[in-house]
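FYI, the numbering just counts along the sequence from 1. Computed from a prediction, not measured in an experiment: that's the story for all the values here.
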Amino acid sequence: MNIKIRNANENDAPFLAKMILKSSRAGKKYGMFDLAFDMTQETDVLNKLEALTKTQAKNYCHYKNFLLAEVDGKSVGTLCNYEPRIATREQFLLALEELGCSDKAAERLEVFYSCEFDLNNRTLMFDFMEEEEGFLDVGVLKALMQKSLLNARLKGYRIAQTIIEIGSLEAELFYKKLGFNVVQTKECELYQETFGRLGLMLLATEF
């Protein structure tokens, strides 16, 4: 199967929104963006996510941070890579403000910020590694990761990190196959109360 990896562009926003929502929910009924946008209709959340990928504020969900995988011209997977020193919490909150989200959005997101890690600005972060259901186990995610690591080397990075939920066994196993190791776990009562998951795990790889 011929897998083409390319940089995402503004026209990819609908697909990126779909993959971001799927990844952020991680098998749950709702996730970070359902909470941030305070919306119950999935179409409304997707519309907001599309807009989030195109804000002036360079938040970590911006389309320029994404690689996209295609098979026969069809979008089948995504991987976001961003620099924590640029895509800061402040930039994300500015992007939410740009979208007209209420001031309470930041308050609602405290469930995540109470469980956040002290990230090293000299690392590259990976997020939203997702693939379409019909393309599991055909090498889509591996191809995305290989291209991302190559790009990271060219930028001078030697360490990449990602954050997943405690108990996300499939995601943890896949990242470990790619050379990642768990470096820190953080159990958070508020996170568990909100999402039914113990908290988050920080994984890293050197390359």
A.B. asks: Run the ring pair (Phe, Tyr, Trp, His ring centres under 6.0 Å) test on F37 and Y30 for me, step by step, so that the C-alpha distance in whole Å, both residues' side-chain angles and the decisive distance to 0.1 Å come before the verdict.
C.D. replies: CA-CA 11 Å; F37 299 145; Y30 63 95; over 10 Å; no
A.B. asks: Is the backbone N or O of L124 less than 3.5 Å from a side-chain atom of N81, with the two atoms forming a donor-acceptor pair by type?
C.D. replies: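 Between the backbone of L124 and the side chain of N81 there is no qualifying donor-acceptor contact (under 3.5 Å).
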A.B. asks: Measure the shortest side-chain to side-chain distance between L202 and K186 over non-hydrogen atoms and say whether it is less than 4.5 angstrom.
C.D. replies: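 No, side chains not in contact.
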A.B. asks: Under 3.5 Å, side chain of S114 to main-chain N/O of V111, donor-acceptor pair present?
C.D. replies: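 Present.
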A.B. asks: Q184 side chain to F117 main-chain N or O, any donor-acceptor pair under 3.5 Å?
C.D. replies: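 No.
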A.B. asks: Would you call E187 and Q192 a side-chain contact if the rule is heavy atoms closer than 4.5 Å?
C.D. replies: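 Heavy-atom side-chain distance check fails, nothing below 4.5 Å.
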A.B. asks: Side-chain contact, heavy-atom cut-off 4.5 Å: Q161 with M125?
C.D. replies: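 Answer yes - side chains close enough.
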A.B. asks: Just so I know, are the side chains of E206 and I159 near enough to count as touching, which here means a heavy-atom distance under 4.5 Å?
C.D. replies: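 A side-chain contact under 4.5 Å exists here.
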A.B. asks: Students often mix this up, so state it plainly: with edges at 30° and 60°, are the rings of Y60 and Y82 parallel, tilted or perpendicular?
C.D. replies: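 Y60 and Y82: tilted rings.
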A.B. asks: In the single-linkage hydrophobic clustering (I, L, V, M, F, W, Y; side-chain heavy atoms under 4.5 Å), do L79 and F207 co-cluster?
C.D. replies: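 Linked, L79 and F207 end up in one cluster.
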A.B. asks: Could you check whether any side-chain heavy atom of L149 comes within less than 4.5 Å of a side-chain heavy atom of L178, counting everything from C-beta outward?
C.D. replies: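 Result no, sub-4.5 Å side-chain heavy-atom pair not found.
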A.B. asks: May I ask you to decide if R85's main-chain N or O and T88's side chain share a donor-acceptor pair within less than 3.5 Å?
C.D. replies: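 No, T88 side chain to R85 backbone: no donor-acceptor pair under 3.5 Å.
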A.B. asks: So, the side chain of T162 versus the backbone of F126: is there a donor-acceptor pair under 3.5 Å, distance only?
C.D. replies: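 Yes; at least one donor-acceptor contact below 3.5 Å.
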A.B. asks: Donor-acceptor pair, T185 side chain versus I166 backbone, under 3.5 Å?
C.D. replies: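 No: the side chain of T185 does not pair with the backbone of I166.
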A.B. asks: Please determine which of E132, E131, E133 meets the side-chain hydrogen bond (donor to acceptor under 3.5 Å, both in side chains) test together with K22.
C.D. replies: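 Going through E132, E131, E133 one by one, the side-chain hydrogen bond (donor to acceptor under 3.5 Å, both in side chains) with K22 is satisfied by E133 alone.
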A.B. asks: Got M32 and R25 here, is their nearest side-chain heavy-atom distance under 4.5 Å?
C.D. replies: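 No, side chains not in contact.
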A.B. asks: Flag the pair K29 and D34 as a salt bridge only when some basic side-chain nitrogen lies within less than 4.0 angstrom of an acidic carboxylate oxygen.
C.D. replies: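 Salt bridge between K29 and D34, a charged N being under 4.0 Å from a carboxylate O: no.
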A.B. asks: Can you find a heavy atom in the side chain of H62 that is under 4.5 Å from one in the side chain of Q91?
C.D. replies: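 A side-chain contact is absent here, since even the closest heavy-atom pair is not under 4.5 Å.
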A.B. asks: Are the side chains of L35 and F112 in touch, meaning some heavy atoms are under 4.5 Å apart?
C.D. replies: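 Yes, at least one pair of side-chain atoms sits under 4.5 Å.
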A.B. asks: Does the pair K58/E83 count as a salt bridge with the N-to-O cut at 4.0 Å?
C.D. replies: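 E83 and K58: not salt-bridged.
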A.B. asks: If you apply the rule disulfide (SG to SG under 2.5 Å), what do you find for C188 with C115, and how did you get there?
C.D. replies: CA-CA 6 Å; C188 310; C115 208; 1.9 Å; yes
A.B. asks: State plainly whether one hydrophobic cluster holds both Y63 and L94, where clusters connect Ile, Leu, Val, Met, Phe, Trp and Tyr through side-chain heavy atoms under 4.5 angstrom apart.
C.D. replies: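 Different clusters.
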A.B. asks: Check whether S23 reaches the backbone of M19 with its side chain - one donor and one acceptor, N or O, closer than 3.5 Å.
C.D. replies: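 Not at all, since once roles are kept as given, no pair shorter than 3.5 Å links the two residues.
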